[in-house]
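Here's the structure, in structure tokens; my notes come after.
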2 protein chains.
Amino acid sequence: MDDRKQKVLLAIVQDFIATAEPVGSRTIAKKYKLGVSPATIRNEMADLEEMGYIEQPHTSAGRIPSVRGYRYYVDYLMKKRELTREEEELIRSQLATKARDVGKVFQRTGNLLSQLTSYTSMVLTQQRRPSKFKYIQLVPMNPARTMVIVVMDNGAVHHRMIETPESIIASDLETLSKVLNAKLQGLNMDTIKFTLLKELYYELGRHKHILDLSLELIQDSLFLEEDKIYLGGVFNMLTQPEFQNAEKIKTMLGILEQEELLCELLSDENLDKGVTVRIGDEIKDCDIKEYSVVAAPYMLSGRKIGTVGVLGPTRMDYAKVISVVDFLTKNLSIALDRVLRGRGR
Amino acid sequence: MDDRKQKVLLAIVQDFIATAEPVGSRTIAKKYKLGVSPATIRNEMADLEEMGYIEQPHTSAGRIPSVRGYRYYVDYLMKKRELTREEEELIRSQLATKARDVGKVFQRTGNLLSQLTSYTSMVLTQQRRPSKFKYIQLVPMNPARTMVIVVMDNGAVHHRMIETPESIIASDLETLSKVLNAKLQGLNMDTIKFTLLKELYYELGRHKHILDLSLELIQDSLFLEEDKIYLGGVFNMLTQPEFQNAEKIKTMLGILEQEELLCELLSDENLDKGVTVRIGDEIKDCDIKEYSVVAAPYMLSGRKIGTVGVLGPTRMDYAKVISVVDFLTKNLSIALDRVLRGRGR
DNA sequence: TTTTAGCACTCAGTTCGATAGAGTGCTAAC
DNA sequence: GTTAGCACTCTATCGAACTGAGTGCTAAAA
């Protein structure tokens, strides 16, 4: 691929990204001044088509990049784009705003992402390392009800209201909490042994009912660790010209409603470091040919705990999206440290 | 409005709800056997149009119900529709399934609702009564970090991780928790007095940092009580024939992205008891003319704590939607009692 | 007086052909 | 190797003609 072919390919990709219309030889010659006539460019375009980098929707239309063309663009031709002051400032300030909980932070991240790119944003939180039991507390709410609170070592807090017999008094609950805390500290799904449970029931047999329910919550907490995904800017993306017709929109929304699919998209192992771009059918085994995903992981104290991604048409502004995703994940990691670890409040 | 006119109106509404096509006089004469000829029905239709119950999209089209026509149908003509065994069973079993938390229950309610109606479902949770502080616990997570957990008397649990100096030991945290619990029990936003806080700082001055952060979380918990809305089945609704063209879909999604608007729709005071139907522009001050909302409140121990609603085109199957919403809210109230009050687990 | 058959009329939607315009590929000249 | 020129292809658009659903009106029938 010689220098001029690269220039032509670059022009085609850039123009198509900007206009969403097939690009003709005349347009390139006029707009991108390669110093040659349309005829020459036509020759180059014929070559590029033969090589598989561009294609023609129909005979009398201009060319559009193929998946391979986009790939070449992203890998070799694209110039990195810096965010503007304002954009960086927006991200920083949004992430620095005090958040009530982690969920809010993720929500905000998604909004930022789609606002800056005008595509759909996805934020996946993963719980890869099995967590351990940290702490339990039984809080009497009123004579007949008790709140069970379980804290896991990864910072998750689960709670559930249970019904308790009126005969139970606060000090009983206190004792129960104490014993459970002492016995179960640091255990996970695999290390909770049957003999240990037997011991517990022996010791706390009087309150079997509460013990049952408490252990149930603990077990659920150890077990039920779902990934969660936050979506943002779906409506935003519909302003893109590819969504003129109803069918396209429906297909898109159909994809977005399959949460498991999206989770899979983002939990690919290749995504572990840095920004990853997958274009069209490069996305493994699913027919979202006309879309691309730009994703990157975010960290908490050096460990990957989730992935941020942008889903948009293959004709997306890769340069911009990549820089936004990159900058955002880095700042998200910092923000999470602040919220979850309590630094710098 | 004589008997035959009512029958004609009923036929028009029913047919239009079923087919989404304007209804002509011939169709009515054939399908609904009123025992008269199309010409007679045409005369009746002309009258009904003059009275404002139906309208004509254009000269050579059939008639469609006007907002007023739908209203008359809902108020006087519609026969109540019972749910099938299967539908009731589905609702009961879905709501009886063990849920990890309340959010899951609402999510499921929404899914049920849209699944059974094929429109969009909305579940609003309201926090009208200001809650009171119930309990606080400081849990040491590791040498440098502590988890603050706050329980409110309405069953809400808030938590936040804070950074603590290494010098603090577990028993300090225990003391702090105890004192805070003793002093603040049962207080709400209005009754927390300055003198009380001063007292606290005097007593616990050594740990000012932790005290600050703990009180901050308590304050946030008392203050930040947002309504939350769960949406479901957006994609589902797009199968309706009104969403053939892209513009309609976009408008719809535009509405659905305005959470505050939806919250307002559902927090109307008139909704306090039973199922309410608002058709087209009956919905106050917002231009969602082409849509209707069917809503009903749900309760927890006799107190209204939220609203369930269905949003769909004015041409919605009111009979079905109303019965689903009715049955569902009743069962939701029961399910919530079970989850939140711990009954019958 | 009410109902109905008949008929002229209206209007949206569809089909078809003509036309315009964008863009190409090829050829021959530069 | 580059370019001007030209024939060719194909889509999109526009309008005319046509179709069919449905109406309103009138006059006859019940």
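In what follows, chains are A, B, ... by sequence order, proteins preceding strands, each numbered from 1.
For the pair B:Arg42 CZ and D:dA21 P, the computed distance is 14 Å after rounding to whole Å. Atom-to-atom, CD1 of B:Ile28 to P of D:dG22 comes out at 10 Å; the value is rounded to the nearest Å. If you take CG of A:Leu34 and P of D:dG1, they are 18 Å apart, rounded to a whole angstrom. Taking atom CD1 of residue A:Ile41 and atom P of nucleotide D:dT2, one finds them 11 Å apart after rounding to whole Å.
Mapped onto DNA chain D by nearest heavy atom, B:Ser60 and B:Ala39 fall at different nucleotides, with B:Ser60 at the one closer to the 5' end. Residue whose closest nucleotide on DNA chain C sits further toward the 5' end, between B:Val36 and B:His58: B:Val36. When each of A:Gly24 and B:Pro38 is assigned the nucleotide of DNA chain C with its nearest heavy atom, B:Pro38 is the one assigned upstream, toward the 5' end.
Applying the 4.0 Å criterion to OP1 and OP2 of D:dT3, one finds that A:Ser37 has a side-chain N or O inside that range. Between A:Thr40 and D:dT3 there is a side-chain N or O to OP1 or OP2 distance below 4.0 Å. Note on A:Thr59: every side-chain N or O is 4.0 Å or more away from OP1 and OP2 of D:dT9. Side-chain N/O atoms of A:Arg4 include one lying less than 4.0 angstrom from OP1 or OP2 on D:dT2.
Of all nucleotides in DNA chain C, those with any atom nearer than 4.0 Å to a heavy atom of chain A start and finish, going 5' to 3', at C:dA22 to C:dG25.
Shown here for A:Ala61 and A:Gln56, the closest heavy-atom pair between the two residues is O-NE2, 3.2 Å. Looking at every heavy atom in both residues, A:Leu265 comes nearest to A:Arg278 through O-NH2, 2.9 Å. Considering all non-hydrogen atoms of both residues, B:Leu311 and B:Met237 come closest at O-SD, 3.4 Å.
Residues B:Lys289 and B:Thr314 are not in side-chain contact: their nearest non-hydrogen atoms beyond the backbone lie 4.5 Å or more apart.
Note on ring orientation: taking the six-membered ring where Trp is involved, the planes of A:Tyr53 and A:Tyr72 are perpendicular (angle over 60°, cut-offs 30° and 60°).
Each of B:Tyr70, B:Tyr119, B:Tyr318 was compared with B:Ser292 under the side-chain hydrogen bond (donor to acceptor under 3.5 Å, both in side chains) criterion, and only B:Tyr318 meets it.
With sequence neighbours excluded, no residue satisfies salt bridge (Lys or Arg N to Asp or Glu O under 4.0 Å) with B:Lys250.
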